[in-house]
Amino acid sequence: MSTPGRDERPFISGVVEGFYGRPWTMEQRTELFKREHQWGLNTYLYAPKDDYKHRMYWRELYSPEEAEQLVALISAAEKNRVEFIYAISPGLDITFSNPREVAALKRKLDQVKEFGCRSFSLLFDDIETEMCPADKQAFSSFAHAQVAITNEVYQHLRDAKTFLFCPTDYCAAFCNPNVPQSSYLQTVGEKLLPGIDILWTGPKVVSNKISVESIEEVTAVLKRPPVIWDNIHANDYDPQRLFLGPYKDRPTELIPKLRGVLTNPNCEFYLNFVAIHTLATWCRSSAAGGGSGVEMGYSPQGALTLALSDWLQELMSADQPGGACRSARLRKAPQPDEESMQTDAAESLYIPGPGENPLYTAEPLTPDDLNLLSDLFYLPYEHGATARTMLEELDWLRTHREAAAAQTEEWRDRAGKFDGMCDAVVQMFNRLSNAPNRSVLYDLYNYICDIKSGVGLARAYVKTLGGQDQPSAQTLTDDPEPWGFRGGLSGEFQRMLPGHGNRDLFKRPPMTAVYCVRPYCSGDKVEVQKIFKEMQRREEQSHKLISDSLSSGDVAPSPQCALVVEDDIGVCGYALALTDAKQAAATEQRPGSDTLLKDYPSLVVVQVLPRVTDPSPARRMVTQLLSSVRSSGSRGVFCELRQSDRRMLDFYSKLGSFEHFPVDRSLAQDAVVMATKFQ
């Protein structure tokens, strides 16, 4: 297909094998070429990160055996009218200023050219940006070094049909300070020869959306329309994720603004049917230039429905060699005579007797099964409709668990609805497990097994809330089987980090907040006063506390003894301390407080707004504050609380380190004093 308003070179459309992990096999790539030809795509970019002669050992020439495979692969691509682009990634260790390095790069590409390849790509993605001393002397910048060697290689190859360059800053998020002002991109755009096309992933490495405006912006800097290397279906960064949703959030108005689009899909070859199929539908949309056979417009859901319908046929077709064996078992054998055949059939045919278990019959996959599968494994930034509904229902059932005890009609109805959706997942798993195409199943199995187990845990939890004594509820005990918890060491690391879960696609109300604890500065005084006054209005106020002078700003906290906590709205809490509270106690006319101050000379005050439902930010502030106070040489710390402030009383009680201190007349009559000594 051609794009209007530009040169007559065809619009690049197809697949880049550019992920980290096990590369696809030669047989799988050959199958890919057939699919691309069938669906109207025209390009394959060979760039598997873990093919060691593509990246780590890029200088090494291919052996005769490897050369034979590549020749066959390039020939297969040509047979299916797919342009084979060979990519090499020398950026890990190349010395740009060394002529021998440039010669090694040319020699490697010359070898591949002899295999019949006519299109090439130089990739400088995911590498360190610091040049070696020799390159610093030869080039004014990293961009100049890359451009110089790319131009030289491009001119050396002379008649390259297509030549792609992947910059180190290959998305807007990497550009400093931004795309229009990036000196790196400016150098690439100005110095790279005009016949070289440039790869670009969009606003981010994995871009949620790619707008026309963002492409126009980068095109102006690069002085040519980019080729999108699209990672929307890539899953090499998380072994628990798979993406079976449609190609979406890329308006078809982009097509005339681009040189091409290549999808870098899931690592598992057989699970990319939807990703590639829907991209092909997108490329055939009306914005691609019109003409016969071109679809009018693009609907992601329509494209997904079409892809799943075609994929269902593939899943129900027995693959090779298992399919051939399965077919052989069903064919009539020509060698034995009729009598022996009947005898064999009688011996092999089992008919259950009265009271015996019936024979297991595998139910065929349905379109609803694949729609559900796609919803459960949709896209990086969104779940499918059914997955969202399941999360919403589970959250409602959990939040309203008191209604479960009362067995309200609404809770029972919604619990039943959730159980039905869970059962649909189990049935989908069972039918997929018996699908004839075992190659697809083996790529898919770990994912569907994991989701079935997760759904089973949620299902058991809801049944427990509803008072149903189900055997599956044993997974919710304090000593579950290993499949009753998730994540391994990596999961435990993540759960220990602040903000874990804040990027979950399902945002439960109230959403898990991200809190930032930082040192107090003079500009925070007004915000602290606002919080203090807000909490005063909420609590019954009588006598003034010593700590009130700290919160109101009348007394400044000791150096390095003041913190605030922020959420996405603003400052929402504070922790302040005086390493020596004698002067503040005297100012408040508390002369009898000497007994307290003898062992606990320091004062701390902590307060957070009610919207902070998580106690961990306050706990972090107290921990840091006590460390600073202890470093000053203090023997101990006390805090004053009003009896009506049940929230903070509960907080200090649960810390474990603070104990109640007997109150005398020298302190406020409604005050509760809690204190802790440093060992």
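Please read all numbers here as calculations on a predicted model, not as lab measurements.
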Under the side chain to side chain donor-acceptor pair (under 3.5 Å) rule, collect the residues that match up with Ser119, sequence neighbours excluded.
Glu83
For Met56, I'd like to know if atom CE has over 12 heavy atoms of other residues, nucleotides or ligands within 6.0 Å.
no
Walk me through it: do Asp135 and Ser97 pass the test side chain to side chain donor-acceptor pair (under 3.5 Å)?
CA-CA 5 Å; Asp135 286 343; Ser97 57; 2.7 Å; yes
Any pair counted as salt bridge (Lys or Arg N to Asp or Glu O under 4.0 Å), so long as it reaches residues 231-243, sequence neighbours left out
Asp238-Arg241
Any donor-acceptor N/O pair, Ser317 side chain to Gln313 backbone, under 3.5 Å
yes
Does the side chain of Ile215 come within less than 4.5 Å of Ile210's, by heavy atoms?
yes
So, the side chain of Arg224 versus the backbone of Val221: is there a donor-acceptor pair under 3.5 Å, distance only?
no
Are Tyr44 and Phe33 an aromatic pair by the rule of ring centers under 6.0 Å?
yes
Give, for atom CG of Asn266 and atom CZ of Phe377, the distance between the pair rounded to the nearest 0.5 Å.
10.5 Å
For a 4.5 angstrom cut-off between non-hydrogen side-chain atoms, does Val102 reach His156?
no
Start with the C-alpha gap between Leu92 and Phe124, add the side-chain angles, then the distance that decides, and say whether side chain to side chain contact (heavy atoms under 4.5 Å, CB included) holds.
CA-CA 8 Å; Leu92 289 176; Phe124 294 105; over 6 Å; no
Take Asp125 and Ser89, measure what side chain to side chain contact (heavy atoms under 4.5 Å, CB included) needs, and give me the verdict at the end.
CA-CA 8 Å; Asp125 57 321; Ser89 185; 4.2 Å; yes
Taking the side chain as every heavy atom from C-beta outward, state whether Asp375 and Asn371 have any atom pair closer than 4.5 Å.
no
Who are the side chain to side chain contact (heavy atoms under 4.5 Å, CB included) partners of Pro239, not counting sequence neighbours?
none
Would you please name every residue forming a ring-ring contact (aromatic ring centres under 6.0 Å, His included) with Tyr247, sequence neighbours left out?
Trp282
Working note: His233 + Asn264, criterion side chain to side chain donor-acceptor pair (under 3.5 Å); need CA distance, chi angles, decisive distance, verdict.
CA-CA 7 Å; His233 285 98; Asn264 180 37; over 6 Å; no
Go through the steps for Thr168 and Gln146 under the test side chain to side chain contact (heavy atoms under 4.5 Å, CB included), then give the verdict.
CA-CA 9 Å; Thr168 304; Gln146 292 179 359; 2.8 Å; yes
Non-neighbouring partners of Tyr86 that pass side chain to side chain donor-acceptor pair (under 3.5 Å), sequence neighbours left out:
Tyr62
Please set out all donor-acceptor pairs under 3.5 angstrom arising from side-chain atoms of residues 188-201, sequence neighbours excluded.
{"unit_1": "Asp197", "atom_1": "OD2", "unit_2": "Arg9", "atom_2": "NH1", "d": "3.3"}
{"unit_1": "Asp197", "atom_1": "OD2", "unit_2": "Arg259", "atom_2": "NE", "d": "3.1"}
{"unit_1": "Thr201", "atom_1": "OG1", "unit_2": "Tyr170", "atom_2": "O", "d": "3.3"}
{"unit_1": "Thr201", "atom_1": "OG1", "unit_2": "Lys204", "atom_2": "O", "d": "2.9"}

Show your working on side chain to side chain donor-acceptor pair (under 3.5 Å) between Tyr447 and Asn235 and close with a plain yes or no.
CA-CA 12 Å; Tyr447 297 105; Asn235 70 338; 3.2 Å; yes
Working to the nearest 0.5 Å, report the span between CD1 of Ile276 and CZ of Phe269.
6.5 Å
For residues Ala47 and Trp229, report the shortest heavy-atom separation together with the two atoms involved.
CB-CH2, 4.4 Å
Minimum heavy-atom distance Ser121-Leu123, with the two atoms named:
OG-CD2, 3.2 Å
If we only count heavy atoms from C-beta on, is the Pro226 to Leu258 side-chain gap below 4.5 Å?
yes
Can you tell me which residue pairs pass the salt bridge (Lys or Arg N to Asp or Glu O under 4.0 Å) test with a partner in residues 59-80, sequence neighbours excluded?
Lys53-Glu66, Arg59-Asp93, Arg59-Glu101
Could you measure the distance from the CG atom of Leu315 to the CG atom of Leu432? Nearest 0.5 Å is fine.
7.0 Å
Tell me which one of Val153, Leu122, Ile127 satisfies side chain to side chain contact (heavy atoms under 4.5 Å, CB included) with Pro90.
Leu122
Just checking, is any N or O donor in the side chain of Asn231 or Tyr237 under 3.5 Å from an acceptor N or O on the other one?
no
N/O donor-acceptor pair under 3.5 Å between Ser374 side chain and Leu370 backbone:
no
Where at least one partner belongs to residues 141-152, residue pairs that pass salt bridge (Lys or Arg N to Asp or Glu O under 4.0 Å), sequence neighbours excluded:
Lys106-Glu152
Over all heavy atoms of both residues, which pair between Leu262 and Ser13 is shortest? Give the atoms and the distance, please.
CD2-C, 4.2 Å
Side chains of Tyr270 and Glu31: any donor to acceptor distance under 3.5 Å?
no
Could you tell me if His277 and Asn272 have a donor-acceptor pair between their side chains, going purely by distance under 3.5 Å?
no
Could you state the interatomic distance from CH2 (Trp39) to SG (Cys283), rounded to the nearest 0.5 Å?
12.5 Å
Tell me the closest heavy-atom pair linking Trp24 and Glu268, and the distance in Å.
NE1-C, 4.2 Å
Hey, does the side chain of Arg118 reach the backbone of Lys113 with a donor-acceptor pair shorter than 3.5 angstrom?
yes
Less than 6.0 Å separating the ring centroids of Phe165 and Phe120?
no
Run the side chain to side chain contact (heavy atoms under 4.5 Å, CB included) test against Ser211 and tell me which residues pass, sequence neighbours left out.
Glu213, Ser214
Test your reading of the model: is there a side-chain donor-acceptor pair from Ser182 to the backbone of Cys175, 3.5 Å cut-off?
no
May I ask you to decide whether Arg29 forms a salt bridge with Glu36, counting only side-chain N to carboxylate O separations under 4.0 Å?
no
Can you sort out the partners of Thr366 under side chain to side chain donor-acceptor pair (under 3.5 Å), two or more places apart, ordered by chain and number?
Asp369
Checking Val205 against Phe174 for the side chain to side chain contact (heavy atoms under 4.5 Å, CB included) test, could you report, in this order, the C-alpha distance in whole Å, the side-chain angles of both residues, the deciding distance, and whether it holds?
CA-CA 9 Å; Val205 178; Phe174 290 174; 3.5 Å; yes
Using side-chain heavy atoms (C-beta onward) and a distance below 4.5 Å, is Asn437 in contact with Leu441?
no
For Asn80, enumerate each residue passing the side chain to side chain donor-acceptor pair (under 3.5 Å) test, keeping only those at least two apart in sequence or located in another chain.
none
Tell me, yes or no, whether the heavy-atom count around Tyr57 atom OH, taken from other residues, nucleotides or ligands under 6.0 Å, exceeds 12.
no
Could you pull out the closest heavy-atom pair between Val112 and Ile74, with the gap in Å?
O-CD1, 4.5 Å
Looking only at atom types and distance, does a side-chain atom of Ser433 sit under 3.5 Å from a main-chain N or O of Phe429, one as donor and one as acceptor?
yes
Within residues 307-317 or reaching into it, pairs that qualify as salt bridge (Lys or Arg N to Asp or Glu O under 4.0 Å) - sequence neighbours excluded
Arg35-Glu314
Non-hydrogen atoms of Ala234 and Phe243 that approach each other most closely
O-CE1, 3.1 Å
